[in-house]
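Scope of the values below: all heavy atoms of this structure, side chains included, with no hydrogens, waters or symmetry mates. Start at 1 and go down the list; that is how both ligands and their atoms are numbered.
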Amino acid sequence: MESSLEASLSSSGAVSGAAGFLPPARSRIFKIIVIGDSNVGKTCLTYRFCAGRFPDRTEATIGVDFRERAVEIDGERIKLGKGAAAVGAVAGGRVRARWQRLRRREAANQGRRRSLEVLRRETYPVVGHSRTRTI
Ligand SMILES: Nc1nc2c(ncn2[C@@H]2O[C@H](COP(=O)(O)OP(=O)(O)OP(=O)(O)O)[C@@H](O)[C@H]2O)c(=O)[nH]1
């Protein structure tokens with residue numbers, strides 16, 4: 001199957017052109033959402049991954065926070081867009097409803113990451129257990 005990278009190159013027609021000019025290949029973009037109870041480290045996790053260091057100080061995220069990092073995998077440049085969203089600020093059943101809304105909105109995402117704080121068991125149910133793996 002033709003990858004989107006190959007498709008973008010071949011549809012441009014520039015690859016086989018005689019002018020010797022190759023436009024920059026478009027990166028594929030993978031979106032990952034990090035979701036979890038408030039204050040479990042979502043911002044620090046995504047900041048560390050994208051900036052290579054931990055933030056000097058943090059503030060509670062209101063709504064959703066976006067970051068981006070490009071990585072090279074098997075010679076292909078891939079952009080990872082990461083969003084962190086707190087669900088813990090909303091109490092009770094509304095937590096799950098908001099989580100499900102976020103899941104629907106992010107249905108096109110290729111990856112999801114859930115954050116929880118291992119020493120605070122009450123943060124576990126917020127993100128659900130079904131596909132949580134202990135690493
Ligand atoms: N000990 C320890 N503290 C951490 C770790 N990661 C984050 N923290 C601290 O935990 C607090 C919350 O971190 P954040 O990254 O802001 O947490 P968050 O989940 O994004 O918080 P909200 O935006 O409120 O949802 C901060 O004081 C961090 O310094 C960790 O791995 N270990």
* Structure fact -> Going by the 4.0 angstrom heavy-atom rule, the piece of T58 near ligand 1 is side chain
* **Polar contact flag, side-chain donor to acceptor under 3.5 angstrom, T58-T43** => no
* To do: Measure from NZ or CZ of R67 to the centre of the six-membered ring of F49 and say whether it is under 6.0 Å with the direction within 45° of the ring axis.
  => no
* Asked: For G41 and ligand 1, does the shortest N/O to N/O distance drop below 3.5 Å?
  -> yes
* To do: Kindly write out the residues that satisfy salt bridge (charged side-chain N to carboxylate O under 4.0 Å, His left out) with D56, not counting sequence neighbours, or none if the list is empty.
  => R53
* **Heteroatom distance test (T43, ligand 1): nitrogen or oxygen, under 3.5 angstrom** => yes
* To do: Below 4.0 angstrom from a heavy atom of A60, which ligand 1 atoms are there? Numbered from 1 as shown, please.
  => 23 (O), 24 (O)
* Residues two or more places apart in sequence or in another chain: which of them pass salt bridge (charged side-chain N to carboxylate O under 4.0 Å, His left out) with E72? -> none
